[in-house]
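Reading through the structure tokens given below for one structure.
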Amino acid sequence: DTGSAAAIPINEVDIAYVTPVTIGTPPQTLMLDLDTGSSDLWVFSSLTPSNQVRGQEIYSPTKSSTSKLLSGHTWSIRYGDGSGSRGTVYTDNFTIGGLEVKSQAVQAALEVSSSFTQEQSLDGLVGLGFSALNTVRPSSQLTFFDNARPNLDEEVFTADLKYHATGSYDFGFIDSKKYAGNITYTTVQQSPGYWTHSLSGYSVGSGAFQASQISGISDTGTTLLYLPTAIVTAYYRQVQGAQNSQYYGGYVFPCSSTLPTFTFGIEGARFTIPASYINYTRISPTSTTCYGGLQSSSGLGINIFGDVALKAAFVVFSGTNPPRIGFAIK
Ligand SMILES: Cc1cc(CN)n(C)n1
């Protein structure tokens with residue numbers, strides 16, 4: 001089997017991408033954030049208090065003839081950005097881009113944090129990390145990818161995220177029309193459950209490539225690129241008027257500044273992030289101060305290769321044994 005679905009930016013700065021999925025019988029369509037940095041599939045639901053729902057589509061298990069309560073099971077998740085949700089669990093038919101998993105664990109929210117309520121274009125998440133991270137108790141549940149794997153033509157899914165445009169996620173095949181040249185693979189360390197791998201180094205603008213193993217996670221659910229402070233300061237030293245603002249919680253600069261590109265290595269391959277991707281957003285609609293798409297990871301305890309980096313490549317998440325991640329130019 002295979003599947004293919006759109007990855008649609010939810011706002012004008014690509015803060016997150018959503019993908020149409022269907023749940024239940026008859027199918028209920030929700031727009032979910034496919035997130036390789038977590039492993040819970042959770043949705044706004046008929047059980048979510050109405051004062052926490054603001055425009056989101058909801059999953060109503062009672063309206064689905066194929067839903068089943070997973071009795072006695074609960075879940076609760078907290079993300080790196082402080083957002084979170086918790087609830088109960090059903091199983092139901094679940095499809096992404098024509099690929100169906102029967103009896104997928106669908107985690108129905110009983111409570112969501114305010115940042116989810118405020119994000120009216122996002123109806124939940126599909127965790128595509130390793131199932132070891134799933135928070136359902138007393139028995140943890142499998143991700144959509146783990147459930148689908150036995151039926152996939154190839155044990156892979158791919159992410160083709162785009163800057164200010166709709167991209168795609170494919171399951172079970174690698175579409176050679178979506179990239180150029182070769183795919184460079186590198187080993188994934190799947191413990192504790194993230195797509196953890198190393199960059200082979202970096203360069204700023206036209207500067208020399210600094211070979212250095214930089215371990216981190218490729219996370220489609222994180223907006224920006226978070227790297228060690230030394231690398232980030234080296235980057236913003238090239239930006240007129242840049243400063244690390246306590247007030248804004250990161251590097252800001254005059255929106256009129258010229259930004260250098262940022263290149264990262266995967267083994268021997270090199271991927272260049274255009275300056276426009278790093279000129280992330282104005283700090284407020286009328287401000288002339290802009291917030292950077294490259295920020296320091298020092299507060300996170302982990303480096304995160306989020307969408308600002310991933311959208312510069314075609315990325316293959318390979319569930320082979322051992323798991324691998326591949327990057328290609330596009
Ligand atoms: C909702 C959400 C998902 C992620 C990345 N895994 N973050 C940081 N926030």
Side-chain angles (χ1 to χ4, degrees), residues 7-11 13-19 21 30-45 48 52-57 75-87 106-136 140 143-146 157 159 161 169 188-197 215-227 249-250 280-281 291-311 315 317 325:
I8 306 159
I10 64 169
N11 71 1
V13 294
D14 302 346
I15 195 168
Y17 297 83
V18 288
T19 294
V21 310
L30 274 70
M31 304 298 283
L32 304 185
D33 179 358
L34 271 55
D35 176 19
T36 59
S38 66
S39 304
D40 283 38
L41 192 170
W42 74 264
V43 292
F44 277 75
S45 74
T48 312
Q52 295 180 22
V53 184
R54 196 165 303 152
Q56 289 83 5
E57 295 297 320
W75 59 278
S76 176
I77 192 163
R78 183 68 57 194
Y79 297 98
D81 58 6
S83 63
S85 51
R86 67 174 185 82
V106 178
Q107 299 169 216
L110 284 167
E111 184 175 23
V112 302
S113 64
S114 58
S115 62
F116 283 118
T117 298
Q118 286 153 27
E119 202 56 84
Q120 63 180 13
S121 319
L122 189 149
D123 306 328
L125 272 77
V126 180
L128 293 175
F130 293 90
S131 293
L133 290 178
N134 180 262
T135 74
V136 175
S140 76
T143 65
F144 171 77
F145 179 55
D146 274 353
F157 65 92
L161 300 179
Y169 286 102
V188 162
Q189 164 62 257
Q190 74 180 78
S191 165
Y194 300 108
W195 289 89
T196 305
H197 63 96
S215 177
I217 67 170
S218 276
D219 181 358
T220 55
T222 287
T223 315
L224 306 183
L225 171 56
Y226 296 91
L227 291 176
Y280 178 63
T281 187
Y291 191 80
L294 170 60
Q295 295 293 343
S296 170
S297 61
S298 58
L300 306 176
I302 190 171
N303 297 309
I304 305 179
F305 317 134
D307 300 338
V308 160
L310 300 178
K311 69 177 92 167
V315 188
F317 295 83
I325 191 165

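Predicted, not measured: the structure shown is a model, and the values here were computed from it. Order of listing sets the numbers, starting from 1, for every ligand and every atom in it. We count residues from 1, following the sequence as given.
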| task | Kindly say whether the aromatic ring centers of Phe157 and Phe317 come within a distance under 6.0 Å. | result |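 Under 6.0 Å, so yes.
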Could you tell me which atoms of ligand 1, counted from 1 in the order shown, lie closer than 4.0 angstrom to a heavy atom of [X]?
| X | result |
| --- | --- |
| Ser83 | 1 (C) |
| Gly37 | 6 (N) |
| Phe116 | 1 (C) |

| said: Among all the protein's non-hydrogen atoms, which is closest to atom 4 (C) of ligand 1, and how far away is it? | reply: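 Among all protein heavy atoms, the one nearest atom 4 (C) of ligand 1 is Gly221 O, 3.4 Å.
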| Shortest protein heavy-atom distance from atom 6 (N) of ligand 1, along with the residue and atom involved |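 For atom 6 (N) of ligand 1, the nearest protein heavy atom is Asp35 OD2, 2.8 Å.
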Using a distance-only test with no angle check, is there a side-chain donor-acceptor pair under 3.5 angstrom linking [X] and [Y]?
| X | Y | result |
| --- | --- | --- |
| Asp35 | Ser38 | yes |
| Ser215 | His197 | no |
| Gln107 | Asn134 | yes |

| request: Could you check which of Asp81, Leu224, Asp33 puts a non-hydrogen atom nearest to atom 9 (N) of ligand 1? | output: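 Comparing heavy atoms across Asp81, Leu224, Asp33, the nearest one to atom 9 (N) of ligand 1 lies in Asp81.
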| Any idea which part of Asp219 is under 4.0 Å from ligand 1, heavy-atom wise: side chain, backbone, both or neither? |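 Side chain only; the backbone of Asp219 stays clear of ligand 1.
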| request: Begin with the C-alpha distance, continue with both residues' side-chain angles, and end with the deciding distance and a verdict on side chain to side chain donor-acceptor pair (under 3.5 Å) for Asp123 and Gln56. | output: CA-CA 5 Å; Asp123 306 328; Gln56 289 83 5; 6.0 Å; no
| said: Angle between ring planes, Trp42 versus Phe116, binned at 30° and 60°: parallel, tilted or perpendicular? | reply: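 The arrangement is perpendicular - the two ring planes meet at more than 60°.
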| said: Does any N or O of ligand 1 fall below 3.5 Å from an N or O anywhere on Ser38, backbone included? | reply: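 In this structure, Ser38 places no N or O atom under 3.5 Å from an N or O of ligand 1.
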